[in-house]
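Structure first, then comments.
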Amino acid sequence: MKTFLYYCLISIASLFLYGCNDVTTTQILIKKTTIPLLADGQIDLIWDSCAWEPISHIRFTRQEQRIENLNDLSAAYKSMWDDQYWYFLFKIVDNKKYVIDAQTDIEKAYDLKINDLDGIDLFFDNFKKLDPEAKFKDLTYLRLTYGSDTIRVLGKQQISPEPLSAIQSSYQDLDSGYLYTCKIPWTVLGIKPEIGTKIGLELNVVDNDGEVVMPDAQAKKKTIVAWADQTRKNPFIDKSIYGQAILQ
């Protein structure tokens, strides 16, 4: 009897501790545009119809007191869609932008420094089982890197081969940071868009000030902020932390 009561108490305690702390999924409603948008690093007037959505949850940082200095890093985005494309506009405030091209043969082959550079990581989940035989049939990740208009996918820099060449992006350098615009064909994402469609989405913004973590070290101090996740988990591994984009 004591054992039964013990397990009942444990179960009730678990419900109290975990059931009352469910994390609400971050959501954004994506407006449909009747005007095709350009990915030219500029802010078209049509974007005024959308509010800025903050990207502000710290996922990782080696910067002391970074959260107290919004000039060091703050980020926000807007998004729209039409029948052909999913559009993104990013505004990054960064008082010390960092970009460096790969130097060694290994770096040029694999672009090993890419994830340490200033930029934006986009993660997608269309809630379908991906076809392992078609690597780019359903795009699940891409990177927009400050200082480059080329699309970087899975760590490599490339003038993207079809079908990824259909993705268009461009950045604009600002004194306070940079803007990035991007348009992604639905065909690359493997999604047929319609009102009410829900898409898993996570966005990470990387800020690297180019300062080493300690003398003679290779690793640089950097901060990563996320749009949806507040648990500091890795979006490459855990899709449960993604937010939801809902087409309207």
Side-chain angles (χ1 to χ4, degrees), residues 14 17-19 21-28 30 53-63 66-67 73 75 77 79 86 88 90 92 98 102 106-107 109-146 151-158 160 163-164 167 169 180 182 184 186 188-191 197-208 213 217-246:
S14 298
L17 288 173
Y18 299 106
N21 290 283
D22 292 337
V23 177
T24 302
T25 300
T26 302
Q27 293 184 333
I28 183 173
I30 311 295
E53 179 77 8
I55 306 172
S56 58
H57 302 305
I58 294 181
R59 179 186 149 204
F60 175 85
T61 185
R62 283 197 175 114
Q63 311 274 27
R66 198 241 25 113
I67 197 169
L73 176 62
Y77 80 101
S79 185
W86 191 356
F88 288 91
F90 296 94
I92 313 299
Y98 177 73
I106 292 179
E107 289 169 350
Y110 296 100
D111 213 357
L112 296 181
K113 294 181 180 179
I114 190 64
N115 289 328
D116 285 331
L117 303 182
D118 287 345
I120 305 151
D121 293 322
L122 296 85
F123 302 86
F124 307 100
D125 183 5
N126 61 11
F127 304 122
K128 295 194 309 182
K129 184 178 180 180
L130 302 183
D131 182 358
E133 300 300 322
K135 293 182 179 179
F136 300 119
K137 181 178 179 181
D138 299 307
L139 184 70
T140 58
Y141 166 77
L142 68 86
R143 176 170 235 273
L144 305 173
T145 299
Y146 166 69
I151 300 295
R152 300 172 186 249
V153 179
L154 300 178
K156 291 190 177 182
Q157 175 183 345
Q158 54 191 342
S160 303
L164 296 181
I167 301 173
S169 69
Y180 228 122
C182 179
I184 307 169
W186 293 112
V188 175
L189 291 167
I191 296 172
T197 297
K198 296 181 179 180
I199 307 159
L201 176 68
E202 178 61 303
L203 304 168
N204 283 183
V205 175
V206 179
D207 174 37
N208 187 330
V213 295
Q218 294 295 316
K220 303 291 194 300
K221 293 181 180 179
K222 68 178 180 181
T223 296
I224 302 175
V225 289
W227 168 60
D229 179 45
Q230 301 182 44
T231 64
R232 301 194 177 196
K233 293 181 180 178
N234 188 339
F236 280 105
I237 298 173
D238 189 352
K239 291 186 177 183
S240 71
I241 65 174
Y242 291 13
Q244 281 190 351
I246 305 174

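FYI, side chains are in, hydrogens and waters are out, and symmetry mates aren't considered; it's all heavy atoms of this structure.
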Nearest 0.5 angstrom please: [X] [atom1] to [Y] [atom2], how far?
| X | Y | atom1 | atom2 | value |
| --- | --- | --- | --- | --- |
| Tyr141 | Phe236 | OH | CZ | 4.0 Å |
| Asp238 | Phe123 | CG | CZ | 11.5 Å |
| Asp118 | Asp207 | CG | CG | 5.0 Å |
| Ile184 | Trp186 | CD1 | CH2 | 8.5 Å |

How far apart are the closest heavy atoms of [X] and [Y], and which atoms are they?
| X | Y | answer |
| --- | --- | --- |
| Glu202 | Pro235 | CG-CB, 4.2 Å |
| Thr197 | Ile191 | CG2-CG2, 4.3 Å |
| Lys198 | Ile246 | CG-CG1, 4.0 Å |
| Ala228 | Gly243 | CB-N, 3.3 Å |
| Ala245 | Leu201 | CB-CD2, 4.2 Å |
| Lys233 | Arg59 | O-NE, 3.6 Å |

State, yes or no, whether a side-chain contact exists between [X] and [Y] at a heavy-atom distance under 4.5 Å.
| X | Y | value |
| --- | --- | --- |
| Gln230 | Ile241 | no |
| Ile92 | Leu73 | yes |
| Leu122 | Phe90 | yes |
| Trp86 | Ile30 | yes |
| Tyr180 | Phe88 | no |
| Phe124 | Leu142 | yes |
| Ile28 | Trp227 | yes |
| Ile120 | Ile55 | no |

(request) Start with the C-alpha distance between Asn204 and Phe60, add both sets of side-chain angles, then the distance that settles side-chain contact (heavy atoms from CB on, under 4.5 Å), and finish with yes or no. (result) CA-CA 10 Å; Asn204 283 183; Phe60 175 85; over 6 Å; no
(message) Pair Leu203, Asp121 - check side-chain contact (heavy atoms from CB on, under 4.5 Å), show working.
(response) CA-CA 6 Å; Leu203 304 168; Asp121 293 322; over 6 Å; no
